[in-house]
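See below for the structure under consideration.
Order of appearance sets the numbers: ligands from 1, and atoms from 1 within every ligand. Computed from heavy atoms alone, side chains included, the values below leave out hydrogens, waters and symmetry copies.
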Amino acid sequence: MGKINTSTETAPNAGGKRGVIITCAVTGSIHTPTMTPYLPVTAEEIAEASIGAAEAGAAVIHLHARDPQSGAPSADPEHFRAFLSPIKKATDAILNISTGGSSVMSLDTRLAPARTMKPEMCSLNMGSMNFGTFPMLEKYDQWKHNWEPALLAATRRTVFKNTFEDIETILDDVGNGGGARFEFECYDIGQIETLGFYFKRGLVKPPLYVQFVLGVLGGASATVDNLLHLKNCADRVLGDAYEFSVLAAGGRQIAMASMGAIMGGNVRVGLEDNITIAPGKLAKSNAEQVAKIRRIVEELGLPVATPAEARARLGVKGADKVAF
Ligand code: KMH
Ligand code: ZN
C-alpha cells in the first residue's frame with residue numbers, strides 16, 4: 001500500500017496561506033423584477049444587499065445600477081452614487097463597477113459610472129460576443145414591466161460589443177486614467193488569448209484577476225471540462241501573472257464556483273448571475289448565496305479572504321482614492 005498523504009496542501013491555495021476571494025454581484029442586468037421579488041432595484045435595496053453580502057464574507061462587490069422606478073438596467077452615474085457612498089461607509093469591501101453595463105448599451109453609456117466614480121476596480125469584458133438571455137422569455141407568461149421582454153428579445157439580434165478599440169479605451173480611461181484594477185471577464189478561450197496579447201505588450205500589468213465566465217449563451221457553457229480548458233489556456237498564456245475566479249450564470253453557479261475553489265481559484269456569486277439558492281428555490285438575498293459558498297469553501301479547509309487581503313493581492317489603489 002502506498003504512503004498515505006496527510007498534507008493539507010491538496011489545493012494550490014490550501015494551508016491557510018491564501019484566502020478565497022468571494023465576489024458578490026448583487027443585481028446586474030440579466031435578471032428582471034418579474035423573475036424574483038428579491039432582486040435589488042433601488043439604491044437602498046442595492047446598498048442593503050451589498051452590505052449584507054459583505055457581512056456574510058464577500059470581499060468584492062460587483063455593481064450595476066437600475067432605474068429605481070422601473071428596475072431597468074441603468075448606467076446613470078447618479079444612480080450609482082446613491083448606493084456607492086452608503087456601501088463604502090458601512091463596509092470595507094472593494095467596490096467594483098461594471099463597465100459591461102447591459103449588452104444593449106453604447107460604450108460611452110457603459111463607461112460613464114466608472115469615469116465619474118473612479119472606483120478601485122472595474123469589470124472589463126475581453127471580447128465581442130452574442131449574449132443571449134432571450135431563452136428566459138419562455139419561462140414567464142406575464143411581465144411586471146414592458147421593458148423586460150423587450151430587453152430579453154433584443155439579445156437575439158444585438159452583439160455585446162467589446163472590440164479591441166473598446167478594450168483599449170477602457171484600459172486607458174478607467175485603468176491608467178482612473179487608477180482602477182480590472183476583473184477581466186473571459187467567456188471563452190479567445191478572450192483569454194486577447195488578454196494575453198495585451199499582457200505580452202505590457203498594456204495590462206500583473207497581478208491580473210481573470211473571471212472565467214461560464215453558462216452565458218454565446219460563451220462557454222458551465223461544465224467542468226470547459227473550466228479546465230479555460231484554466232489550461234490561461235496558464236499557457238498568462239503563466240503566473242494571474243489568479244482566477246469562477247462565475248457560472250444559472251443554476252450551476254455554486255457547483256462551478258466550488259470547483260473553482262478546489263482548483264485554487266476564487267469565486268463569484270450573486271443574484272446578477274443566478275436567482276436561486278437550490279434547484280427551483282429562489283434565493284432570498286445575495287447574502288444567502290455568499291453564506292452558502294463560504295460554508296463550502298471553509299468545509300474544504302480553505303480560508304476566506306478579507307477585504308484587506310484581497311486589496312493586497314489585487315493591487316487596488318485604496319478606498320480613500322475613489323471619487324465617491
Ligand atoms: N453577469 C456576467 C455574466 C459586466 O458586468 O461587465 C457578466 C458581467 C459583465 O458581469
Ligand atoms: Zn456585471
Side-chain angles (χ1 to χ4, degrees), residues 23-32 35 39-40 46 49-50 53 58 60-66 73-75 79-80 83 94-107 109-115 117 119 121-133 135-136 151-152 155 158-163 166-167 169-171 173-175 180-188 191 194-195 209-222 226-227 230 244-253 256-257 260 266-275 286 289:
T23 294
C24 185
V26 297
T27 191
S29 59
I30 293 177
H31 295 116
T32 71
M35 299 172 186
L39 191 69
I46 292 173
S50 302
V60 180
I61 307 292
H62 169 112
L63 288 153
H64 294 239
R66 289 180 184 267
S74 161
H79 288 157
F80 277 83
F83 55 71
I94 299 170
L95 303 188
N96 168 350
I97 292 184
S98 170
T99 67
S102 158
S103 62
V104 297
M105 293 173 183
S106 73
L107 185 68
T109 302
R110 284 160 44 185
L111 289 189
R115 281 176 172 148
M117 300 302 166
M121 197 167 184
C122 284
S123 64
L124 205 179
N125 295 270
M126 291 309 295
S128 300
M129 59 187 289
N130 293 338
F131 196 117
T133 59
M136 289 190 288
L151 179 62
L152 299 183
T155 67
T158 51
V159 171
F160 183 31
K161 187 175 91 60
N162 298 288
T163 62
D166 294 342
I167 291 168
T169 298
I170 299 174
L171 288 174
D173 286 19
V174 177
R181 300 286 296 163
F182 292 105
E183 175 194 12
F184 293 102
E185 302 213 20
C186 296
Y187 301 69
D188 223 324
Q191 300 187 2
T194 297
L195 182 56
Y209 197 63
V210 180
Q211 190 70 253
F212 295 139
V213 182
L214 301 164
V216 170
L217 181 61
S221 59
N226 279 342
L227 177 54
L230 292 170
F244 70 95
S245 174
V246 176
L247 95 77
R252 288 179 59 74
Q253 179 188 61
M256 295 308 297
N266 304 289
V267 300
R268 174 170 141 179
V269 294
L271 300 192
E272 167 163 344
D273 302 307
N274 171 33
I275 56 176
N286 280 276
Q289 291 180 343

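- Side-chain N or O atoms of Asn162 include one that pairs as donor or acceptor with a backbone N or O of Gly127 at under 3.5 Å.
- Within the model, atoms CG of Asn266 and CG of Leu247 stand 12.5 Å from one another, a figure rounded to the nearest 0.5 Å.
- For ligand 1, the atoms lying closer than 4.0 Å to a non-hydrogen atom of Ile30 are 1 (N).
- Distances shorter than 4.0 angstrom occur between a heavy atom of Arg268 and an atom of ligand 1.
- Atom numbering of ligand 1 starts at 1 in the shown order; those under 4.0 Å from a heavy atom of Tyr187 are 7 (C), 8 (C), 9 (C).
- Gln211 pairs in a side-chain hydrogen bond (donor to acceptor under 3.5 Å, both in side chains) with only one of the listed residues (Glu183, His62, Glu185), which is Glu183.
- For the 3.5 Å distance criterion, the side chains of Thr169 and Asp166 fail to qualify, holding no donor opposite an acceptor.
- At distances below 3.5 Å, not a single donor-acceptor pair connects side-chain atoms of Asn286 with backbone N or O atoms of Ser50.
- Ligand 1 has no nitrogen or oxygen under 3.5 angstrom from a nitrogen or oxygen of Thr99.
- Counting atoms of ligand 1 from 1 in the listed order, those under 4.0 Å from a heavy atom of His64 are 5 (O).
- Remark: ligand 1 and Phe160 share no N or O pair separated by less than 3.5 Å (distance only, no angle test).
- Nearest to atom 1 (N) of ligand 1 by heavy-atom distance, out of Asp273, Asn96, Asn162, is Asp273.
- Between the side chain of Ser106 and the main chain of Thr109, a donor-acceptor pair closer than 3.5 Å is present.
- Atom numbering of ligand 1 starts at 1 in the shown order; those under 4.0 Å from a heavy atom of Val213 are 3 (C).
- In this structure, His62 is part of the shell of residues with a heavy atom less than 4.0 angstrom from ligand 1.
- Taking 2.8 Å as the limit, the number of protein N, O or S atoms around the Zn ion (ligand 2) is 3.
- Every atom of ligand 1 with a heavy atom of Asn125 under 4.0 Å away is listed here by number and element: 4 (C), 6 (O), 9 (C).
- Side-chain N or O atoms of Gln253 include one that pairs as donor or acceptor with a backbone N or O of Gly270 at under 3.5 Å.
- Every atom of ligand 1 with a heavy atom of Ser98 under 4.0 Å away is listed here by number and element: 4 (C), 5 (O), 6 (O).
- A donor-acceptor distance shorter than 3.5 angstrom exists from the side chain of Thr155 to the backbone of Thr133, with no hydrogens or angles considered.
- Arg66 places a side-chain N or O within donor-acceptor distance of the main-chain N or O of Thr27, the cut-off being under 3.5 Å.
- A heavy-atom separation below 4.0 Å is not found between Glu183 and ligand 1.
- His64 contributes no side-chain N or O that, together with a main-chain N or O of Pro73, makes up a donor-acceptor pair within less than 3.5 Å.
- Asn96 and Ser123 form no side-chain donor-acceptor contact under 3.5 Å, judged by distance and modelled atom types alone.
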